[in-house]
Structures are given as structure tokens and as C-alpha cells.
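If you're wondering where the values come from, they're calculated on a predicted model, not measured in any experiment. Throughout, protein chains are lettered first and strands after them, A, B, ... in sequence-line order, and every chain is numbered starting at 1.
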Amino acid sequence: SEFKPKKIKTENDKKAKKRKQDEVSKGRKQCANLVLRRDTQTVVKWKFLEHKGPVFAPPYEPLPSNVKFYYDGKVMRLSPEAEEVATFFAKMLDHEYTTKDIFRKNFFKDWRKEMTAEEKAKITDLKKCNFSEMNEFFKAQSEARKAMTKEEKQKIKEDNERILQEYGFCIMDNHRERIANFRIEPPGLFRGRGDHPKMGMLKRRIRPEDIIINCSKDSKHPEPPPGTRWKEVRHDNKVTWLVSWTENIQGSIKYIMLNPSSRIKGEKDWQKYETARRLKKCVDRIRNQYREDWKSKEMRIRQRAVALYFIDKLALRAGNEKEEGETADTVGCCSLRVEHIKLYPENDGQEYVVEFDFLGKDSIRYYNKVPVEKRVFKNLQLFMENKEPDDDLFDRLNTSILNKHLQELMDGLTAKVFRTYNASITLQQQLKELTNAEENIPAKILSYNRANRAVAILCNHQRAPPKTFEKSMQNLQTKIDAKREQLSDAKRELKSAKADAKVRKDEKSKKAVETKKKAVQRIEEQLMKLEVQATDREENKQIALGTSKLNYLDPRISVAWCKKWGIPVEKIYNKTQREKFAWAIDMADEDFEF
DNA sequence: AAGCTGACTTGAGGCAAGGGTT
DNA sequence: AACCCTTGCCTCAAGTCAGCTT
């Protein structure tokens with residue numbers, strides 16, 4: 001089809017190849033414009049869609065009667081409804097969440113709603129509740145699961161596979177496609193991230209009556225479980241989801257959609273990178289424009305221009321405003337407040353330094369000290385004049401205004417395109433800079449990871465250092481030491497073999513020298529591999545590469561790099577990633593340029 | 001133009017599978 | 001074969017952005 005064109009075979013004529021390629025990409029682009037542009041709510045996403053509906057969470061199984069709950073030191077039997085919610089709390093006893101005031105307060109309030117009148121009258125203080133037997137019961141259960149026999153584990157695996165085959169796929173326009181999340185989220189206690197005002201609230205169980213099914217009219221639509229009915233069955237081919245329901249914490253809608261390997265997700269992904277590549281062509285013009293705008297006599301334009309500069313230079317997110325009290329207090333570019341930045345006319349020998357310190361998406365801290373242009377600095381001073389710490393830095397700007405402006409600068413341009421563009425261009429440029437033709441494959445892969453790391457740092461993709469980090473580092477060091485030992489042994493042996501051969505001058509001893517030489521080489525290589533691994537791991541301590549690899553880096557850059565240096569794609573992408581990026585693996589050859 | 005809603009992408013964390021090591 | 005540790009995968013929360021309503 002248009003989307004996965006046959007790879008163009010190289011004749012010796014490079015120019016013909018290039019021309020042909022341009023045609024293909026032009027055709028593809030036209031196709032994209034036709035089918036994919038302006039796609040929210042306006043364009044047909046599929047013609048035929050058939051699926052089996054969602055898999056519901058298993059029903060609640062009451063605790064065995066020997067597992068007791070105590071209130072105020074005395075055994076108390078709970079109604080099944082109250083007991084179920086109690087088990088959600090009991091399962092989390094070891095978690096820090098359960099010590100937090102807001103969590104406890106929210107949980108207790110929602111738990112009481114599930115209690116019978118008698119329970120409600122009796123249970124008035126969470127501190128007097130003793131869930132420890134429940135907690136131990138669940139711990140024992142998970143131990144038991146681990147201790148199952150091979151056969152039992154095999155059986156579970158087979159059952160899962162059967163469910164996957166039945167519910168995990170759908171038919172969309174003549175293709176059997178993998179569904180991403182066909183299981184409905186089970187009930188439990190809401191765990192918001194960061195300082196979330198709703199943490200601990202009860203996430204209720206989803207029933208068939210909550211479910212909207214979306215499929216094509218001419219398909220066999222899924223049956224609800226016996227004795228139940230769907231909320232609605234609709235046939236909307238302007239959207240990509242198969243199932244939806246409304247979640248009770250924020251009142252937002254949740255969806256079942258297709259796997260990243262699906263045509264519909266792949267095309268969208270490809271389109272995203274094509275938009276970023278179009279930005280590449282006009283980014284200079286846009287940069288000149290916003291630099292001009294720093295001088296505008298209109299405040300709103302200056303603010304817009306400074307915000308855009310941050311988004312471009314620092315890869316900040318757009319920063320939509322959020323409803324206060326509904327979510328954790330986090331910000332992005334447009335929602336930055338005065339308290340989130342500090343200005344230093346001079347700092348560590350640099351002029352005009354801005355210090356950023358705020359909580360971004362997922363309450364991950366963004367901390368950065370950057371020198372900026374004098375004009376930007378002066379503008380920031382102006383924006384901050386006569387404001388309180390909790391006032392908006394950009395009071396004349398929001399994401400909607402910014403994106404409307406961007407749309408005028410380039411078709412399809414929005415704030416997040418800058419993140420994609422800067423991430424991908426950084427990878428490409430870093431790969432060029434860091435790859436050393438002389439080096440072997442492990443060393444080249446280290447270079448790749450370093451390029452990837454540069455992007456992750458730019459995008460602020462942090463992670464908590466793994467709990468086992470120190471130990472695993474030590475283990476690796478032990479291995480390295482052992483390997484060094486082994487190497488010097490091997491070298492010693494080689495030396496004596498050489499000496500031996502010099503005296504004896506026979507074939508046999510010459511052969512022995514060769515063998516020893518090979519051994520030394522092999523061990524040297526192994527040692528190097530370990531050392532590279534150690535470096536890589538150390539540098540990666542607090543940085544997560546996965547997110548940028550999956551969401552920001554045009555996979556064709558990586559595929560091209562692999563082809564150019566003869567590195568198997570498997571070294572860069574695992575199986576799932578190869579499935580997601582199948583289109584790119586197919587499309588890109590070694591001279592692909594982002 | 002502000003606010004709301006729906007659809008879709010992006011994100012970190014948790015957990016289990018499975019691969020390497022002892 | 002038991003163990004241990006990494007890796008991959010899943011989960012589900014938290015963003016972005018466009019279109020609609022008021």
C-alpha cells in the first residue's frame with residue numbers, strides 16, 4: 001500500500017535512486033495530506049471494525065473466614081462491599097501512600113460510602129482499623145503464586161494466551177490488528193502522582209452498563225456478559241477507539257485502542273515525524289521571527305516570543321492550565337509562575353542566567369540554569385515586575401494563543417512539534433559527532449546510547465536510580481576485576497609460550513603461541529565489552545532512554561545509522577519496538593536524512 | 001475568547017518473564 | 001536447578017490539542 005512502499009533497489013545510479021525516492025515520498029506526503037490532515041473528528045479512520053469487546057476485571061472473591069479484620073482491637077466481620085474496599089487499602093499497607101493524610105482521608109470517606117449502616121456507625125476512625133491479617137494474607141498469596149509448579153504456571157500462561165487470542169485482536173479494514181489494552185482497569189484506590197488532592201479515592205468497578213462499544217454497522221458487535229447490557233453501541237468511524245467508559249475520579253473518558261504496531265497508530269506516528277521534518281525546513285525563519293518579536297511594543301507578542309524561545313531551546317512542554325484542586329500542581333511553559341524562575345545578571349562568570357525550578361508532568365522536577373540572550377533576560381524582568389510569586393509569568397499567554405500563532409507560521413505546527421524536532425535533530429547530529437568508524441560494535445552502541453542520552457537530558461526524562469543500582473554496579477566491577485585477572489594470566493601464558501617456541505622452534509609450540517594469542521584477544525574484547533557496559537550503566541543512572549526512543553526520535557534516523565555501520569537493528573530496538581517501528585525499518589535506507 | 005470535552009500521545013513505575021550465573 | 005538481576009511489558013495517570021458551546 002502507500003504506507004509501506006516497496007524498498008527501492010539500488011542500481012548504480014544514485015541520482016535515479018534519489019529522484020525515485022523523492023517521488024515516492026512526495027506521493028506519500030500527498031496521501032498523508034489527503035487522508036491524515038486535520039484528523040480529529042473530521043476524517044474517516046476506518047471502514048470496517050469488528051472486535052469482541054473488553055475483558056472485565058474478575059469479580060471480587062470474599063476473604064476466607066480465618067482472615068480477620070479488627071476494629072479497635074476487636075474482630076469485626078465486614079459486608080462484602082466494605083470488605084472489598086478494605087482489601088484495596090490492606091494491599092497497600094507497605095506503601096508510603098497509606099501514611100499520607102490526604103490519602104487516608106480520601107480513602108476513609110469513600111470507604112464509608114460502601115459500608116452498611118451498622119458498619120458506618122461503628123467504624124468512625126481509620127486509626128482504629130487493623131488490616132494486618134488481610135495484608136499478610138495477600139503477601140502469602142503472592143508467595144504461593146511464585147511457588148506454583150511449572151505445570152500450574154504453564155496452565156495460566158495458556159489461559160492468558162487464549163484470552164489474548166480471543167479479545168486481544170480486532171479486524172480493522174481487512175487486517176487483524178493487536179489491541180493495546182483490552183482489559184478494563186480493575187477497581188482500586190486511586191494513586192495520583194506527586195501531591196495529588198484525590199489520592200486514595202475509590203476507583204470504582206466498571207460494569208457492562210458503563211461501557212460504550214464502537215464498531216462498524218456491518219460487523220458482528222460484541223455481546224455483553226449474560227444478564228447485562230452495554231451503555232451504548234455506536235458506529236463512529238471518525239475515531240479510532242473500540243471501547244470507552246467514564247472514569248469516576250476526574251470524570252474523564254478512558255479508551256481501548258490499538259497497539260502501536262497497528263496501521264492506524266503507525267501512520268499517525270509517521271505523520272508526526274513528517275511534521276517535525278517540515279519544521280526543520282522553516283525553523284530558521286521562525287527563530288528569526290521570534291527574536292524580532294522580543295522587541296515588539298505589544299506585551300502579548302513579547303511574552304509569546306519568549307515562551308516560544310524556551311519551548312524551542314529547552315524543549316519545554318506547552319503547559320496547559322489545569323483546574324486547581326483537581327490535580328497536582330504542575331506546570332509547563334505557558335503556565336510557569338514567577339516563583340519558578342530566578343534571574344541572575346551574572347552567575348559563575350556567565351551573563352544573564354535564568355534558573356528554572358518547577359514541577360513538570362508527573363511532578364518530575366525540572367531544574368536548569370541557562371544563560372539566555374540579553375533581550376530575553378530584560379523581557380523576563382519586565383514580565384516579573386510588580387508580580388507576586390504565584391502570579392503567572394506569561395499573563396498574556398496560554399497554549400491556545402500560542403498554538404494559533406504557530407499554526408499561522410506553519411501548517412500543522414504546535415508546541416509539541418518543537419520537542420519532536422529538537423529531539424530528533426539532536427539524535428542525528430549527536431550520532432554524526434560521536435560515532436567512530438574505527439570502533440567495534442559495542443563501542444558504537446555506546447555512542448548510540450550517548451546520543452540517545454543527550455536527547456533524554458534535553459527532554460528531562462529522569463528516573464529514580466534503580467534500587468539495585470549500587471549493587472549491580474559492584475557486581476559488574478567484580479566481573480571486570482576478574483576479567484583483568486584472567487587477562488594478565490592469559491598474557492603470562494602467552495609470554496611463556498613464546499619463549500618456549502623460541503627454544504623449540506617446532507610446529508606444535510608455534511601453534512600453541514597462536515592459540516594463546518587468540519585467547520588474549522578474546523579476553524581483551526570481553527573486558528572491553530564489560531567496561532563499555534559499566535560506563536553506559538553509570539551514565540544512565542538517573543536517565544531513562546525509553547520515553548524518547550519511543551516517542552520523540554524518528555526511528556528512521558536509528559535505522560539509517562544501523563544500516564550505515566552494519567549494526568543489527570536488534571541491538572537498538574527490541575521486539576516490541578521493532579513491531580512499532582516496522583514502517584521505518586522498511587522505509588529508511590542508510591542515507592536517510594531527518 | 002473562555003471554558004469544556006473528547007481523543008489521542010506521552011510518561012514513570014511496577015512487576016513478572018526469562019536469561020545469565022553460580 | 002536455584003537464584004538473581006535485568007529487561008520488557010503492562011498499567012494507568014498526566015499531558016497536548018482541536019472542536020464545540022456559551
Integer-rounded Å distance: [N] [atom2] and [X] [atom1]:
X	N	atom1	atom2	answer
A/Phe138	B/dG14	CZ	C1'	18 Å
A/Leu550	B/dT9	CG	C1'	11 Å
A/Glu247	B/dG6	CD	C1'	13 Å
A/Glu267	B/dT9	CD	P	12 Å
A/Leu316	B/dT10	CG	P	17 Å
A/Arg396	B/dA2	CZ	P	12 Å
A/Lys580	B/dT9	NZ	C1'	9 Å
A/Asn422	B/dT10	CG	C1'	17 Å

Can you tell me if the side-chain N/O atoms of [X] get under 4.0 Å from OP1 or OP2 in [N]?
X	N	result
A/Lys45	B/dC8	yes
A/Lys268	B/dA7	no
A/Lys404	B/dA1	no
A/Arg419	B/dG11	yes

So, A/Arg556 and A/Glu274, do they make that salt bridge, N to O below 4.0 Å?
yes
Between A/Asn398 and A/Arg234, the residue closer to the 5' end of DNA chain B by nearest nucleotide is A/Asn398
Taking for A/His95 and for A/Ile401 the nucleotide of DNA chain B with the nearest heavy atom, the one nearer the 5' end belongs to A/Ile401
Among residues 252-262 of chain A, which contact DNA chain B at a heavy-atom distance under 4.0 Å?
A/Ile253, A/Tyr255, A/Met257
Any idea which of B/dA7, C/dC12, B/dT9 is nearest the A/Trp241 side chain?
B/dA7
Which nucleotide sits closest to the side chain of A/Arg183: C/dT11, B/dT10, B/dG14?
C/dT11
Any luck finding a side-chain donor-acceptor pair between A/Asp395 and A/Gln303 under 3.5 Å?
yes
If each of A/Lys575 and A/Glu185 is mapped to the nucleotide of DNA chain C with the nearest heavy atom, which maps nearer the 5' terminus, i.e. the 5' end?
A/Lys575
Please list, for nucleotides 14-16 of chain C, all pairs of protein and nucleotide N/O atoms separated by less than 3.5 Å.
residue: C/dA14; atom: OP1; partner: A/Arg193; partner atom: N; Å: 2.8
residue: C/dA14; atom: OP1; partner: A/His196; partner atom: ND1; Å: 3.3
residue: C/dA14; atom: O4'; partner: A/Asp362; partner atom: OD1; Å: 3.4
residue: C/dG15; atom: OP1; partner: A/Thr330; partner atom: OG1; Å: 2.9
residue: C/dG15; atom: OP1; partner: A/Asp362; partner atom: N; Å: 3.1
residue: C/dG15; atom: OP2; partner: A/Lys322; partner atom: NZ; Å: 2.8
residue: C/dT16; atom: OP1; partner: A/Ala318; partner atom: N; Å: 3.2
residue: C/dT16; atom: OP1; partner: A/Gly319; partner atom: N; Å: 2.8
residue: C/dT16; atom: OP2; partner: A/Asn320; partner atom: N; Å: 3.0
residue: C/dT16; atom: OP2; partner: A/Asn320; partner atom: ND2; Å: 2.9

How is [X] classified with respect to the nucleic acid when contacts are heavy atoms under 4.0 Å: base, sugar-phosphate, or nothing?
X	value
A/Lys203	sugar-phosphate
A/Arg178	sugar-phosphate
A/Thr240	sugar-phosphate

Is there a donor-acceptor pair under 3.5 Å between the side chain of A/Lys198 and the backbone N or O of A/Asn106?
no
I'd like to know if the side chain of A/Arg302 reaches the main chain of A/Ser296, judged simply by a donor and an acceptor atom lying under 3.5 Å from each other, with no hydrogens or angles considered.
yes
Looking only at non-hydrogen atoms, find the nearest pair between A/Trp583 and A/Asp554 and report the distance.
CH2-OD1, 4.3 Å
Might you list the N or O atoms of the protein lying below 3.5 Å from N or O atoms in nucleotides 3-7 of chain C, with each pair's distance?
residue: C/dC5; atom: OP1; partner: A/Lys471; partner atom: NZ; Å: 3.1
residue: C/dT6; atom: OP1; partner: A/Ser472; partner atom: OG; Å: 2.8
residue: C/dT6; atom: OP1; partner: A/Arg537; partner atom: NH1; Å: 3.3
residue: C/dT6; atom: OP2; partner: A/Thr468; partner atom: OG1; Å: 3.4

Intermediate values then yes/no, side chain to side chain donor-acceptor pair (under 3.5 Å), A/Asp312 and A/Tyr290
CA-CA 10 Å; A/Asp312 183 21; A/Tyr290 68 60; 2.7 Å; yes
Return the orientation label for the A/Trp241 and A/Tyr255 ring planes: parallel under 30°, perpendicular over 60°, tilted otherwise.
tilted
For A/Phe131 and A/Phe89, take the angle between the two ring planes, folded into 0 to 90°, and tell me which bin it lands in: parallel under 30, tilted 30 to 60, perpendicular over 60.
tilted
The criterion is ring pair (Phe, Tyr, Trp, His ring centres under 6.0 Å); which residues satisfy it with A/Phe138, sequence neighbours excluded?
none
Sequence neighbours excluded, the answer for ring pair (Phe, Tyr, Trp, His ring centres under 6.0 Å) partners of A/His95 is A/Tyr97
Pairs in or reaching into residues 180-210 of chain A: which pass ring-ring contact (aromatic ring centres under 6.0 Å, His included), with residues at least two apart or in two chains?
A/Phe190-A/His196
Exactly one of A/Lys231, A/Arg204, A/Lys254, A/Arg205 clears salt bridge (Lys or Arg N to Asp or Glu O under 4.0 Å) with A/Asp210, and that residue is A/Arg204
Stepwise salt bridge (charged side-chain N to carboxylate O under 4.0 Å, His left out) test for A/Asp101 and A/Arg104:
CA-CA 5 Å; A/Asp101 251 16; A/Arg104 297 175 66 90; 5.5 Å; no
